[in-house]
Q: 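Below: one structure in structure tokens.
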Amino acid sequence: MAEQPRIGVDEWVAQAEERRARTVAARLGDLLDRVPPALRLLAIALPLALYPVFVDSEYLMQVGIDTLIFVLLALGLNVAVGWVGLLDLGFVAFFGLGAYLYTALASEYAGRHWDAQFAIPLIAVVVGVTGFVLGLTSKRLLGDYLAIVTLFFLQIYLVILINSSFTRGPNGISSVLPLEFFGKQVTSLDGYFYVSLVVFVVVVAVLYLINQSRTGRAWRALREDELAAELMTMPVDRLKLMAFAFGAGVAGVAGAIFAPIQGAVFPANFDIVLLITVYAMVVLGGAGSLLGVTVGAVLINASLEALRSPEDASWLFYGVLVVTLLVMLRPWWRGPAVIAATIAFGVVAHEAAGQVRASLVGGTSFGEARIDHLVDTWVLLPENVVTPDGLPTGALGRLAYIGFIAAVLGLTLVRSSLWRTVGLVPVLYLAACVWENLLVAQPAVARFVLIGAMLVALMAFRPQGLFGKQRVEIV
Amino acid sequence: MAVEATPLLEVRDISLSFGGLRCLNELDLVVNEGEIVSVIGPNGAGKTTLFNVITGVYPPDEGEILLEGRSVLGVDPHQIARRGVARTFQTLRLFLNMTVKENVMAAAYGHTKAGVLRSVLRTPGMRREEREIEGLAEERLGFFGQRLVGYRWNQPAYSLSYANRRRLEIARATAANPQLLLLDEPAAGMNPVETHEMTELIGRLREEGGYTILVIEHDMHVVEGISDRVVALDHGVKIAEGTFEQVATDPRVVEAYLGTSAAERT
């Protein structure tokens, strides 16, 4: 091209390297980028391998295994949702299918006990093929239509599980036999943890390699622009079916591990709540990023577990609030100021309410953590907040809840940033009242309120998810 | 330009309606191998629709389309693309969130083979193929001088300027290894210098790439500079065909562009 020096010569572009900012963070980022992917996977897997060594509690081991299963589910969902951009709402049906298939291959009920080294690959293939068949609908259905049809598929699947005699209906099948590799049974939780970890490493490696190949490139291309991809020689329909099949296969494997761990399978294991949780993991971590969805699954499952005990839940609740305020409010002194003002506001309100009627402030929090005793001095807690059977009477909590919603809505209408910050004070106070009077005693509700709050905050400040890449849609 | 008259693309009697609107009406068009043919016409004349019919996006209501003598009707668009038809888009449809190089590499899908299993196993053949299409992408991007090389390779496509996006679309289309290149307004939105550059580039595409080119263009300087033959459309009907001079002075073309009274005045 030397004979045509004027065309396309662009000094500004040619000097790009010299103009790049050389900050420490940028250099560190470059350095991290140069770490080979295999090493990165090892850096995640090795510390995880030590988890059973340091953890004695059976409960924590169970949580660790559940988390890995959730990670597998999130990785599987990420294929169709994150890479290809198909809204697949039938996903957990594949998880259920994997679990029931394992039950059919290895349970006292079925009268068989297949070795896992045969059962798991077979299940992966069968569920993958099922995903392929379900994916056939995607040939004709786009966007919302696909979402509705796949959701129907999940519902049909659940209805069959619940009503068919073969699956024993809602009672499930409770004689699932443990995994057995080459005649050796996996009996301990540690063993199941390592099996899950190995499967995790294999799945991540396979998905990474596919994503780095021409298939992965085509998947991303068709998410960006289906028509352009088709006209650039990519068979869009077939690629979508492949994505469905791979995601389903991963879910099937997760199911095949889940069934023997639980030792039983029930239709209720595979309902819409699970679907929403897995979606939340993918969205929170950043759809499209393997590391992201892994972290998302770990974070959400850990938070859900933490919320089981009121003590941890309170720490989580107040911790998230304080951190959010400190990080989000600018300039820096507004965060601490809002917290101090909220407590001051609370103390005054507490005192005033005490003057009016002593019983308004006579109660103690349901929560056991030190922080709950701390807030007793400034959050309104009426006497008998907890009935003898452990449930909050909660009239004040419900009032505060209504007030809280109204205040948040009102706050969104305030334009001035200063007044919005001031308005945060009563909102936070009401939030604390709702928490102490209602939610702390009802972890089942609090869990989903918390997930909702996490997603709302994420939407506002990092819509692409924790590790997701910001997508640009505007030309 | 003496060209051997082997027809590469034959469009015969194509008609297409959307509801009551007739977009293409018994349209005939032949593009010979090695030719550069321009399609002109006022907005809404059916030029882009013609491209959409050729590439299989819309099946025509009537008529026949032959590529190297074989019909492409009813063939999936990606199969038509694999048989050697690649296009750019008037409205720019890049894979915005992929890198510049990936945009081009993605279009090599049709003539690469590595399946999922080989990709997971990273077989030597798969690695070689990856290296090849990476080299192909770098070469195709190098066609535009330094504008799309070096650090630009790993930048997302959305970071490119408008003119560079147009260039990237052309690079992506050529990576599909087409025989026939359909360019939909390649010089739209470019400044006079860039427009001039594009004129040279289209010539070089034929000389160096060996592509047969069908191009929609509004800029008459470009059309004059590149075309072996010009076809004028209006309301989905071919109203003139011939050399640039013949078409530019055809009263029906002048009428289509400027209205009846202007045509009468000439």
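In what follows, chains are A, B, ... by sequence order, proteins preceding strands, each numbered from 1. Hydrogens, waters and symmetry mates are skipped; everything else that's a heavy atom, side chains included, is used. All values reported here derive from a predicted model rather than from experimental measurement.
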Q: Tell me, for B:V57 versus chain A, whether the close heavy atoms (under 4.5 Å) come from the side chain, the backbone, both or neither.
A: side chain
Q: Quick one: sort the B:F18 and B:Y58 rings into parallel, tilted or perpendicular, breaks at 30° and 60°.
A: perpendicular
Q: Using a cut-off of under 4.5 Å on heavy-atom pairs, state which of A:V206, A:T215, A:L227 scores highest against chain B.
A: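 Answer, by heavy-atom pair count under 4.5 Å with chain B: A:L227.
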Q: Taking every heavy-atom pair that is under 4.5 Å apart, which of A:R223, A:M242, A:K469, A:Q212 has the most such pairs with chain B?
A: A:Q212
Q: Given heavy-atom pairs under 4.5 angstrom as the criterion, report whether the side chain, backbone, both or neither of B:M105 touches chain A.
A: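 Backbone plus side chain of B:M105, per the 4.5 Å heavy-atom cut-off to chain A.
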Q: Does any backbone or side-chain atom of B:E169 lie under 4.5 Å from a heavy atom of chain A? Answer side chain, backbone, both or neither.
A: neither
Q: Counting only heavy atoms from other residues, nucleotides and ligands, does the tally under 6.0 Å from NE2 of B:H111 exceed 12?
A: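 Count over threshold, so yes.
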Q: Relative to chain A, which segment of B:I80 carries a heavy atom at a distance below 4.5 Å: side chain, backbone, both, or neither?
A: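 B:I80 has no heavy atom closer than 4.5 Å to chain A.
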Q: With salt bridge (Lys or Arg N to Asp or Glu O under 4.0 Å) as the criterion, how do B:E132 and B:R127 come out once you've worked through the C-alpha distance, each side chain's angles and the decisive distance to 0.1 Å?
A: CA-CA 9 Å; B:E132 271 165 18; B:R127 285 158 186 264; over 6 Å; no
Q: Top residue by heavy-atom pair count (under 4.5 Å) with chain A, among B:K113, B:Q79, B:R87, B:H196?
A: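 Heavy-atom pairs under 4.5 Å are most numerous for B:K113.
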Q: How far apart are the C-alpha atoms of B:E130 and A:R214, what are their side-chain angles, what is the distance that settles it, and do they pass the salt bridge (Lys or Arg N to Asp or Glu O under 4.0 Å) test?
A: CA-CA 8 Å; B:E130 277 291 298; A:R214 98 194 225 279; over 6 Å; no
Q: Listed by chain and number, what are the side-chain contact (heavy atoms from CB on, under 4.5 Å) partners of A:L122, not counting sequence neighbours?
A: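 Partners of A:L122 under the side-chain contact (heavy atoms from CB on, under 4.5 Å) test: A:L105, A:W114, A:V126.
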Q: Who are the ring pair (Phe, Tyr, Trp, His ring centres under 6.0 Å) partners of A:F467, not counting sequence neighbours?
A: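 With sequence neighbours excluded, A:F467 shows a ring pair (Phe, Tyr, Trp, His ring centres under 6.0 Å) to no residue whatsoever.
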Q: I'd like to know if B:E102 pairs up with A:R220 as an ion pair, taking the criterion as any Lys NZ or Arg NE/NH1/NH2 lying under 4.0 Å from an Asp or Glu carboxylate oxygen.
A: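 Looking at A:R220 together with B:E102, the answer is yes, because their closest N to O distance falls below 4.0 Å.
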Q: Name the region of A:A229, side chain, backbone, both or neither, that has any atom closer than 4.5 Å to a heavy atom of chain B.
A: both
Q: Against chain A, work out which of B:A157, B:P77, B:G56 has the most heavy-atom pairs shorter than 4.5 Å and name it.
A: B:P77
Q: By a 4.5 Å heavy-atom criterion (distance strictly below it), what part of B:R172 contacts chain A: side chain, backbone, both, or neither?
A: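 Backbone plus side chain of B:R172, per the 4.5 Å heavy-atom cut-off to chain A.
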